[in-house]
Amino acid sequence: MAMTNQQVAGVLDEIGDILEIQGENRFRVVSYRRGAESVRSLQRDINQVWQAGELETIPGVGEALSKKIDELLRTGQLGYLEKLHEQVPPGVVSLLQIPEVGPSKARAMWERLGITSVEEAEEAARAGRLHELPGFGAKTEAKILANIETLRRRQKSGRTPIGEALPAARALLAGLQAAAPGIERAALAGSLRRWRDTIGDLDLLVASTAPEPVMAAFRSLPQVAEVLLSGPTKTSIRLGSGLQVDLRVLEPARWGTALQYFTGSQQHNIELRELALRQGWSLNEYALSSTKSGEERLCANEEDVYSALGLPWIPPELREGRGEIAAARQKKLPALVTLADIKGELHAHSTYSDGRNSLAEMAAAARARGYRYFAFTDHSQSLGVTGGMSPDDWRAQRDELAKVRADFPDMLILQGAEVEVRAGGTLDYPDELLAEMDVVVAAVHVSHRQPREQITQRALNALRNPHVDVLAHPSGRLLGRREPSEVDLDRVIEVAAETGTVLEINAHPVRLDLDDVHARRAVELGVPLVINTDSHSPADMEYLEYGVEVARRAWAGAGNVFNTWEPERLLEYLRRRGKAQADQG
DNA sequence: GCCGTTTTCGGCCCGACTGTTTTCAGTCG
């Protein structure tokens, strides 16, 4: 059974954890963490990179890590890790999951009290045995007990999907601005500003010359369940939902460095600060400071920070330490697709299946958004729960659409279907019917848990059917609810590059599928992406921004996104595929 | 353990807050 990038990264992280508990050189520890993060965000399957003998081209992976990854992928095991496990039991590493328990406290609990699990730590805290350890006290003991509760809550909820986090953050910021005096600027920062698909905690940034009243107002917001810590420049609270929110307040004149610092990612900031050092600057959230004279250079805007280092401003969506600083230095940052570039939708539903609105209502909503084209793709027949269309239903819809089109002369209205790729791998309509459609969107909704070979083969069958134009939500994940299927997305993307099939970025904030990492691979291989909201009502069309942001995180320009194309070019592409099909016979 | 527009050796981002400390270590981001 091949290991995934996530699993390899997990092993490297575990080595880093154990070495840190052992008190190893911290730079060695950081090397394992860096390697893990790099493997985790790799846009290719690590097995492919390994087979090509290119492990050492991964940033942060040198001779030692590549040898360990090689052993891991060859044998599924790692002798070095087994040796480490003999020295430090795996249960000790699990103690690090408790908030505010780091390597030092974990080691003390293990060496002095023989604690090797969160449960044993809880027992010891209740029995009052922790506070006698060196570096511990009564408060630490009580906190550990409370934090174990927090851990259990968090393990249930996990990271928060951005579709929940963003509205909550916007409400908090608006509430703070209404309640606190003297706020000159305010922004959401952190992974939210970078539009990561899930959010660990919320980061708010405020510019004010009088921080204390801002902090006081923040602590008193109605959403606050618990104040975790509060100082003159930083306050952290927890919401009733369990989500943690950090607020930083800084002087307006330092807004640029503050926003840059607080947006992250951590890896991006490390690389940027290393670059600054090479140019004689120390960079922190307050200023750039000359390493020679100590003289400060203040940046009121983020652009100033980057330009002082000889760089163009880097969009937050790219700041993941995935090569964006090198690209910026070479002036090779892509011109990212924007919301305004989108000219239409190719995946939407009506009352002909599980949509909530009529054809005319949906078309009117699309026109109100200024769309040049709009495709109805209701579910196919086998998807009973959605009221999927029989071939006769589809023809009835075609007749109704002929009338609806007359009311929208300036918008191209297409008719297709979201055709189920059945568990056996065949499509839900005969080819003759598919051939009549303007656009065919194939999708997997049932038997998600098939083994890798089988579910991958289903996707490939769809891609290789000459009538299929788009593969929808390829991984099938539902954030916070369902893991992605085992489908081999690298293979899917490669085959899509051969067949010319368009891959969807589903913009519904629960899906965001393709994700940013795989979408970037698609961009690299020249596979066109389509950003679809999969709307079941006019309100769903508002989700478009989430999908555009995934594409931006994937380094996609407008040219990479199918539904930024002019209607004529889009139709030409769809027809040429149809013609190629006819030629194939 | 990784890496190089000063380096193949000698560095490695930077600061806030808390608790248990008599001046700082630990943890977090």
Side-chain angles (χ1 to χ4, degrees), chain A residues 12 15-16 19-21 23-38 55-69 80 95-109 130-144 147 189-191 194 199-203 205 211 215 227-237 244-250 254 257-258 260-289 291 309-310 321 325-326 329-330:
Chain A
L12 298 180
I15 293 173
L19 293 179
E20 195 171 23
I21 289 169
E24 253 289 350
N25 176 304
R26 67 195 174 95
F27 298 112
R28 222 182 133 213
V29 172
V30 166
S31 294
Y32 279 95
R33 300 256 162 79
R34 170 100 210 281
E37 198 41 53
S38 205
L55 285 176
E56 288 197 39
T57 65
I58 301 172
V61 175
E63 198 183 334
L65 262 66
S66 79
K67 274 189 180 155
K68 292 186 173 72
I69 295 173
Y80 180 62
L95 299 176
L96 299 177
Q97 297 170 53
I98 305 170
E100 296 179 70
V101 171
S104 172
K105 289 198 166 61
R107 179 180 185 172
M109 285 192 268
L130 286 187
H131 71 261
E132 290 162 10
L133 295 176
F136 289 60
K139 281 193 173 177
T140 303
E141 188 173 69
K143 267 198 156 182
I144 286 177
N147 286 339
S191 52
R194 304 197 311 275
I199 305 297
D201 51 32
L202 305 183
D203 297 307
L205 184 64
M215 293 301 182
V227 177
L228 299 172
L229 55 87
S230 188
T233 70
K234 174 178 174 175
T235 292
S236 296
I237 59 102
Q244 183 176 324
V245 188
D246 297 336
L247 171 68
R248 286 291 296 266
V249 183
L250 291 102
R254 303 179 190 273
T257 41
Q260 194 289 314
Y261 153 74
F262 215 28
T263 297
S265 68
Q266 192 167 12
Q267 188 56 40
H268 175 85
N269 285 358
I270 288 172
E271 289 180 28
L272 195 67
R273 288 169 180 199
E274 284 170 351
L275 177 68
L277 277 179
R278 291 201 292 276
Q279 298 181 11
W281 297 101
S282 172
L283 172 63
N284 62 22
E285 59 263 55
Y286 299 107
L288 284 155
S289 306
T291 49
L309 301 174
I325 290 178
R329 292 177 67 184
Q330 298 162 19

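Protein chains get the first letters and strands the later ones, always in sequence-line order, with residue 1 at the start of each.
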Query raised in the report: At under 4.0 Å, does any side-chain N or O of Thr140(A) touch on OP1 or OP2 of dG19(B)?
Result: no
Query raised in the report: So does Asn284(A) get a side-chain nitrogen or oxygen closer than 4.0 Å to the phosphate oxygens (OP1/OP2) of dG15(B)?
Result: yes
Query raised in the report: So what does Leu229(A) hit on the nucleic acid, given a heavy-atom distance under 4.0 Å: a base, only sugar-phosphate, or nothing?
Result: sugar-phosphate
Requested in this report: Check whether any side-chain nitrogen or oxygen of Ser104(A) sits under 4.0 Å from OP1 or OP2 of dA25(B), and answer yes or no.
Outcome: no
Requested in this report: Select one nucleotide: of dT6(B), dG15(B), dC17(B), the one nearest the side-chain heavy atoms of Glu285(A).
Outcome: dG15(B)
Query - Sugar-phosphate, base or nothing in reach of Glu100(A), heavy atoms under 4.0 Å - result: sugar-phosphate
**Report entry** Pairing of Arg33(A) and Glu20(A) as salt bridge, 4.0 angstrom limit
**Finding:** yes
Report task. Check every atom of dT20(B), dC13(B), dC17(B) against the side chain of Lys139(A) and return the nucleotide holding the closest atom. Result -> dT20(B)
Report task. Would you mind classifying the nucleic acid contact of Arg278(A) as base, sugar-phosphate or nothing, using non-hydrogen atoms under 4.0 angstrom? Result -> sugar-phosphate
Query - Side-chain ion pair, Glu63(A) and Lys67(A), N-O less than 4.0 Å - result: yes
**Report entry** Among dC2(B), dT18(B), dC13(B), the nucleotide that comes nearest once only the side chain of Lys143(A) is considered
**Finding:** dT18(B)
**Report entry** Lys105(A) side chain, from C-beta outward: closest of dC14(B), dG29(B), dT27(B)
**Finding:** dT27(B)
Query raised in the report: Under 4.0 angstrom, heavy atoms only, what part of the nucleic acid is Leu272(A) near: base, sugar-phosphate, or nothing?
Result: nothing
Query raised in the report: Base, sugar-phosphate, or nothing: which does Glu271(A) touch, judged by heavy atoms less than 4.0 Å apart?
Result: nothing
Requested in this report: Ignoring backbone atoms, test whether Arg28(A) places a side-chain nitrogen or oxygen under 4.0 Å from the OP1 or OP2 oxygen of dG1(B).
Outcome: yes
Query raised in the report: What does dT8(B) pair with, Watson-Crick or G-U, if both distances are under 3.5 Å?
Result: none
Query raised in the report: Is Ser236(A) touching bases, backbone alone, or none of the nucleic acid, heavy atoms closer than 4.0 Å?
Result: nothing
Query raised in the report: Would you say Tyr286(A) reaches dC13(B)'s phosphate, i.e. side-chain N/O to OP1/OP2 under 4.0 Å?
Result: no
Report task. Could you tell me whether Arg34(A) contacts a base, only the sugar-phosphate backbone, or nothing, with contacts defined as non-hydrogen atoms closer than 4.0 Å? Result -> nothing
Report task. Name the nucleic acid region contacted by Pro134(A), choosing base, sugar-phosphate or nothing; use a 4.0 angstrom heavy-atom cut-off, strictly under. Result -> nothing
Report task. Scan Asp201(A) against the nucleic acid and name what it touches under 4.0 Å (heavy atoms): base, sugar-phosphate only, or nothing. Result -> sugar-phosphate
Query raised in the report: Among the nucleotides dG1(B), dC14(B), dA16(B), which one has an atom lying closest to any side-chain atom of Lys234(A)?
Result: dA16(B)
